[in-house]
Amino acid sequence: MDILNFLGRQHGTKDTAKDRLKFVLIHDRANCSTDLLEMLKNDIFKVISNYMEIDEEELDMQIATTDNDGTPVLYANIPIKNIKKKNNA
Amino acid sequence: MSEVIVITSGKGGVGKTTSSANLGTGLAMLGHKVVLIDADIGLRNLDVVLGLENRIVYDIVDVVDGNCRVKQALIKDKKYESLFLLPAAQTKDKDSVSPQQMIDLCETLKEDFDYILIDCPAGIEQGFKNAIAAASKAIVITTPEISAVRDADRVIGLLHSIGIKNPLLVLNRVRIDMVKKGDMMSLDDVAEILAIDILGVVPEDESIVISTNKGEPAVLDNKSEAGQAFRNISKRIAGEKVELIDLNNTSNFFSTFKNLFKN
């Protein structure tokens with residue numbers, strides 16, 4: 001690593017800046033506050049809970065970007081505790 | 001055909017006024033008729049950067065209020081006959097000019113000028129909205145810092161929403177040594193993040209401070225690197241194809257070595 005550093009190949013702090021900037025811009029551009037995301041999370045939890053039992057503690061939801069063109073995507077990881085049959089009655 | 005171009009940034013202190021003064025002077029040096037409008041009402045500064053502060057009689061608010069004719073308020077530059085300044089009012093507030101008044105004013109100025117450059121105030125409030133109202137093109141100035149780039153992104157979004165779809169980027173105050181070390185975002189980094197086309201890059205340069213002290217824009221100084229950058233940008237605005245300054249051309253041992261092998 002030292003030799004790479006010597007050759008000036010190692011990345012400096014600009015990559016930290018770029019990563020942090022990309023992160024804030026995703027949220028700025030989506031115009032999506034933490035409150036709004038929290039409300040969305042609660043609503044989605046309610047809807048899915050009608051069909052299956054999910055782990056609210058582990059429910060993870062965030063705005064990310066696609067790797068290829070940077071389009072914002074809503075990313076949700078919803079662990080299922082138990083798939084219960086919907087009561088059709 | 002005349003063009004109305006707003007020079008904006010979101011964040012303050014990144015070089016809007018300096019860029020406005022230099023690009024206005026640069027375009028006048030190319031023989032174009034240029035008027036610079038200082039839209040930063042209440043915080044007038046373009047006059048001092050151009051060294052014209054002693055000549056102000058009327059200002060933009062006097063014009064829109066009908067206290068004088070446009071031509072009475074225009075101040076001719078010291079060096080260039082075809083360069084004029086319409087100064088901001090210093091004692092009025094941001095609401096003194098409405099977007100419609102700005103549009104009407106620029107329509108009048110189009111009769112006499114090739115380029116109408118509007119120096120926008122910092123921020124995204126009413127003063128910003130007034131300043132961009134009449135523009136058909138925009139130049140977004142930023143520096144390679146997170147805060148400035150973030151604000152530039154916000155401004156680009158707002159410009160899009162009023163129909164200025166293709167704002168152009170000028171990256172100001174770039175320190176080549178820091179970019180090389182990887183401690184400062186490069187032009188490509190910033191252009192990629194903001195996803196807009198590049199108009200130019202201006203290196204950090206002491207001559208800007210000196211030229212501002214004197215009230216003579218750096219484009220007039222042939223030895224100034226920043227001045228050279230602004231001369232190039234002026235040419236690009238006027239439609240000439242000028243290569244970007246290669247900020248890596250002050251080559252170190254390794255890049256020389258690498259280039260030898262490439263060739």
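We name chains A, B, ... by the order of the sequence lines, and we start the count at 1 in each one.
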Worksheet, complete the sentence: Given the options B:Glu225, B:Glu145, B:Glu204, B:Arg173 meets salt bridge (Lys or Arg N to Asp or Glu O under 4.0 Å) only with B:Glu204

Worksheet, complete the sentence: Rounded to the nearest 0.5 angstrom, the CD1-OG distance for B:Ile139 and B:Ser9 is 12.5 Å

Item to complete: Please flag which part of B:Arg154 lies under 4.5 Å from any non-hydrogen atom of chain A: side chain, backbone, both or neither.
Response: neither

Worksheet item: Excluding sequence neighbours, so at least two apart, what forms ring pair (Phe, Tyr, Trp, His ring centres under 6.0 Å) with B:Phe128?
Response: none

Worksheet item: Measuring heavy-atom distances to chain A, does B:Met185 have an atom under 4.5 Å in its side chain, in its backbone, in both, or in neither?
Response: both

Practice prompt. Quick one: pull up CD1 in B:Ile208 and CG in B:Asn22 and give me the separation to the nearest 0.5 Å.
Written response: 5.0 Å

Discussion item. Looking at B:Asn172 and B:Val14, would you say the former's side chain and the latter's main chain have a donor-acceptor pair under 3.5 Å?
Written reply: yes

Worksheet entry | Contact list for residues 182-201 of chain B, test salt bridge (charged side-chain N to carboxylate O under 4.0 Å, His left out), sequence neighbours left out | A:Lys14-B:Asp189, A:Lys18-B:Asp189, A:Lys18-B:Glu192, A:Lys22-B:Glu192

Practice prompt. With a 4.5 Å heavy-atom cut-off (strictly below), which parts of residues 93-101 of chain B touch chain A? List them by number.
Written response: none

Worksheet, complete the sentence: The complete set of salt bridge (charged side-chain N to carboxylate O under 4.0 Å, His left out) pairs with one or both residues in residues 14-27 of chain B, sequence neighbours excluded, reads none

